[in-house]
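Letters A, B, ... are given to chains in the order of the sequence lines, protein chains preceding strands, and every chain is numbered from 1.
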Amino acid sequence: MRVLVPIKLSYDINQMKYDERTGEPILDAVPRVMGDMDRCALEAALQLKESLGVVVEFISIGSRRTHNKLMMDAYAMGCDKGYLIEAEDTNTLDAYTVSSIIGKFVEKYGPYDIIIMGATSQDTHSSVVPPALSALLGYRAAFGVDKVTVEGDVFILEATYEDGIYRYRLTPPFIISVTTEANTPRIPKLKDILKARRMKYEVLPVNDLISKDEVRKINVTSIKKYVTPRRREIIEVDSEEDVDKAVYRIIELLKEAEIL
Amino acid sequence: MYLEFSEDEQLFREAVIEFSKRYIEPIWVNVDEVGKLPGDLIKRMGEQGLFAIPVSEEFGGVGGTLTMAAIATEEIAYYDPAVAIAVYALLQNGWPMALDQFGSDEVKSMILPEVASGDAFFGIASTEAHGGSDVAGIKTFAEKVEGGWRVSGEKVYISGVREVLELPTGGGWFFLSKTGSRDYGHRNISAFALLPRWKGDVKEGFEPTIFDEIGRGGLSTGGFKLDNFMIEDKYLIGEENKGFYYVMQGFNIARILVAAACIGSGRWALDQAKEWLTNRKLFQGRKLSSFQGIHFKFAELYTELEAARLFTYKAARLADKIYIEKKPGFKPKDLNVPVAMAKLKAPETTIRIYEEVLKWYGAYGYTKESNIYRGWLGTFSYVIGAEGGQNIMRIIIARDILGKENIRS
């Protein structure tokens with residue numbers, strides 16, 4: 001059984017830097033890393049490797065110059081084979097183009113029994129690629145999965161939505177996207193990092209999969225830092241009686257803020 | 001030298017950071033308070049490949065470099081600024097590497113895989129009561145007998161005494177003893193792998209003591225008496241009476257990692273200070289960081305720490321050339337000055353950082369709640385002399401630059 005995990009080199013949102021004057025992000029100064037959900041997708045696949053003996057392959061779109069470390073990272077976690085679809089300026093590719101590239105790759109280099117992706121990328125957060133890819137390939141799908149179990153040939157996939165927990169029972173081929181609730185990704189060990197350094201990945205030109213005319217790019221008109229306004233209220237407690245009042249007030253405030 | 005890390009070193013640093021965030025940051029205060037490293041953490045660190053990093057794979061090590069061991073030590077110390085866990089890691093990289101360089105294949109095959117897995121401890125036992133810096137003056141004596149050595153003497157201020165007694169396999173030390181004659185000097189010192197406990201009970205003739213230290217609470221420091229303790233021949237490290245030369249090289253290796261631990265802890269302290277200085281306001285809303293007396297000092301310390309970091313990784317890269325890559329033209333003595341500069345600079349800078357940060361924190365810094373003092377006390381052991389006194393570092397630099405004959409009084 002072959003499992004494919006598409007991964008993306010995302011901006012590390014924990015290390016965002018902004019121009020103090022304009023509020024625009026200085027993207028050149030922001031390190032790029034594998035997103036947390038992509039890491040969970042790899043972990044989900046690697047757990048299937050351990051339990052079912054599946055072969056785990058991964059794919060990313062980018063250049064060798066920028067993506068080599070990402071590819072090493074996936075190998076160090078324990079993947080079997082990697083593919084880099086070589087393309088420049090991947091940050092501006094739109095989600096449909098990304099889905100088309102992966103879809104064409106699956107048609108050409110597949111078949112894959114299962115495709116596992118992060119539910120959303122760490123930087124753009126569009127969540128479009130997994131459903132678009134499932135539509136293009138005609139695969140069954142479950143999105144936002146936070147629990148994967150296997151019963152015989154059937155994969156039971158649980159996803160928590162606003163109206164409750166959905167439980168899907170799928171047989172391959174299918175595509176799923178996972179959340180960070182799905183697992184705790186393994187941390188690559190130094191020995192595996194050293195081994196990963198020597199592992200080769202296959203580099204395929206993007207034009208082998210889609211033509212230049214099919215590439216659609218997004219035009220980012222503006223990105224601004226948005227700071228959530230803070231609201232402060234001091235609740236004074238001078239006596240034991242005030243404690244109850246203070247607790248009710250805190251609950252009221254949390255409800256107003258839609259936290260409760 | 002332009003300090004740049006390779007992609008595998010960057011990945012390794014990210015992995016150590018993730019490991020430390022998950023398993024070390026949540027417990028470091030408790031480890032310091034309780035005064036004991038949890039056995040499951042040591043095991044987990046072993047499984048993660050954080051011990052015996054620069055030890056060859058052939059003898060159970062990770063097959064990495066001393067630079068990688070320095071990266072691990074620096075990052076662990078950032079998440080455990082009290083440095084007990086970082087020092088445990090540095091000992092389990094530095095002294096296993098020294099054993100890997102000078103020990104026999106039989107002994108390396110026996111000890112190093114157990115250390116790498118976290119089941120055994122292997123540190124350094126050199127210091128005696130007369131003073132740790134005076135290695136030539138040690139009194140412990142090993143008498144040659146049939147099949148081995150009968151050793152008597154006493155060692156003090158030795159890291160890992162409790163760990164040797166409690167870890168699943170046990171362990172011991174890169175141990176120094178006079179052999180042949182008891183005269184003062186360094187040409188009659190031999191090195192042994194001393195294993196008072198190995199897969200069983202404590203051996204006869206070994207009497208341990210645990211000391212109560214003011215900082216770095218998680219890692220035990222103690223001493224032991226040896227009374228006619230038997231060491232088999234195979235545990236002699238290298239040649240007889242050459243132990244001084246081996247241990248000095250071992251110290252050079254370990255000092256790089258000591259510097260890395262101090263840098264990690266100092267970085268943490270400066271990050272705490274940055275948060276504090278840019279948020280705390282007084283005198284009608286002025287940020288503490290807006291006072292020149294404070295931000296000038298912050299800038300100085302930040303610069304000093306970065307300088308110490310450059311010294312440390314320069315020395316680590318050089319050590320890799322000598323011991324890991326074994327490049328022709330690089331000799332162990334080339335390390336003396338770069339290492340001494342790193343070991344001189346890093347602990348002293350870190351202590352200065354802590355003393356300033358404590359003052360910037362004001363009365364809060366003087367409380368146990370702030371936890372700043374834990375890093376101060378933990379790293380202070382390295383300006384006192386653990387792994388080499390600061391004046392010894394000055395002597396090494398002066399001796400090698402000015403010439404031995406020109407610094408004698």
Side-chain angles (χ1 to χ4, degrees), chain A residues 7 9-15 17 20 30-40 42-43 46 58 60 62-79 82 84 122 180 183-201 227 230 232, chain B residues 4-26 41 43-73 75-76 79 89 92-93 113 116-118 271 278-279 320 324:
Chain A
I7 53 174
L9 189 66
S10 305
Y11 288 105
D12 185 350
I13 51 165
N14 298 315
Q15 297 191 59
K17 292 180 175 64
E20 289 283 326
V30 181
R32 292 166 76 194
V33 294
M34 189 193 304
D36 290 344
M37 290 197 200
D38 285 359
R39 210 172 272 284
C40 290
L42 282 175
E43 178 61 34
L46 291 167
F58 62 99
S60 192
S63 73
R64 269 181 274 206
R65 183 177 47 81
T66 56
H67 281 56
N68 193 54
K69 184 164 151 258
L70 177 85
M71 306 301 279
M72 270 177 62
D73 199 348
Y75 271 133
M77 283 183 75
C79 295
L84 179 67
Q122 184 159 286
T180 51
N183 53 53
T184 304
R186 66 199 62 196
I187 303 168
K189 294 174 180 165
L190 178 52
K191 264 191 182 175
D192 298 325
I193 293 171
L194 293 172
K195 264 187 221 153
R197 185 168 60 174
R198 296 188 287 272
M199 291 180 82
K200 302 271 183 260
Y201 48 86
V227 181
R230 282 189 182 177
R232 285 191 172 185
Chain B
E4 192 178 34
F5 294 102
S6 64
E7 284 180 331
D8 48 342
E9 287 168 344
Q10 289 172 38
L11 263 185
F12 177 57
R13 188 182 290 277
E14 286 164 16
V16 178
I17 290 172
E18 183 58 33
F19 180 91
S20 303
K21 279 183 180 171
R22 244 185 242 182
Y23 303 113
I24 293 176
E25 190 178 29
L41 176 68
K43 187 72 192 156
R44 204 186 280 276
M45 289 172 78
E47 286 166 358
Q48 188 63 34
L50 296 174
F51 303 144
I53 291 169
V55 169
S56 45
E57 278 186 287
E58 187 189 352
F59 296 107
V62 177
T65 61
L66 194 66
T67 301
M68 285 173 161
I71 288 169
T73 308
E75 293 306 334
I76 292 169
Y79 292 95
Q92 298 319 287
N93 281 295
S117 69
D271 278 355
T278 54
N279 283 298
D320 286 339
I324 306 289

Query raised in the report: Does a side-chain heavy-atom distance below 4.5 Å link B:Lys43 with B:Ser117?
Result: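 They are in contact (side-chain heavy atoms under 4.5 Å apart), so the answer is yes.
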Engaged part of [X] at the chain B interface, taking heavy atoms whose separation is under 4.5 Å:
| X | answer |
| --- | --- |
| A:Pro185 | both |
| A:Asp192 | neither |
| A:Ile187 | both |

**Report entry** is_close_aromatic(A:Phe58, A:Tyr75), centroid dist under 6.0 Å
**Finding:**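 So the answer is yes for these two rings.
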Query - Heavy-atom proximity to chain A below 4.5 Å, by part of B:Gln10 - result: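 Interface part for B:Gln10: both.
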Query raised in the report: Is atom CZ of B:Arg22 surrounded by more than 12 heavy atoms (other residues, nucleotides or ligands) closer than 6.0 Å?
Result: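 Result for CZ/B:Arg22: enclosed.
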Query raised in the report: Counting only N and O atoms by type, is there a donor-acceptor contact under 3.5 Å from the side chain of A:Asp12 to the main-chain atoms of A:Val30?
Result: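 Not confirmed, A:Asp12 side chain does not pair with A:Val30 backbone.
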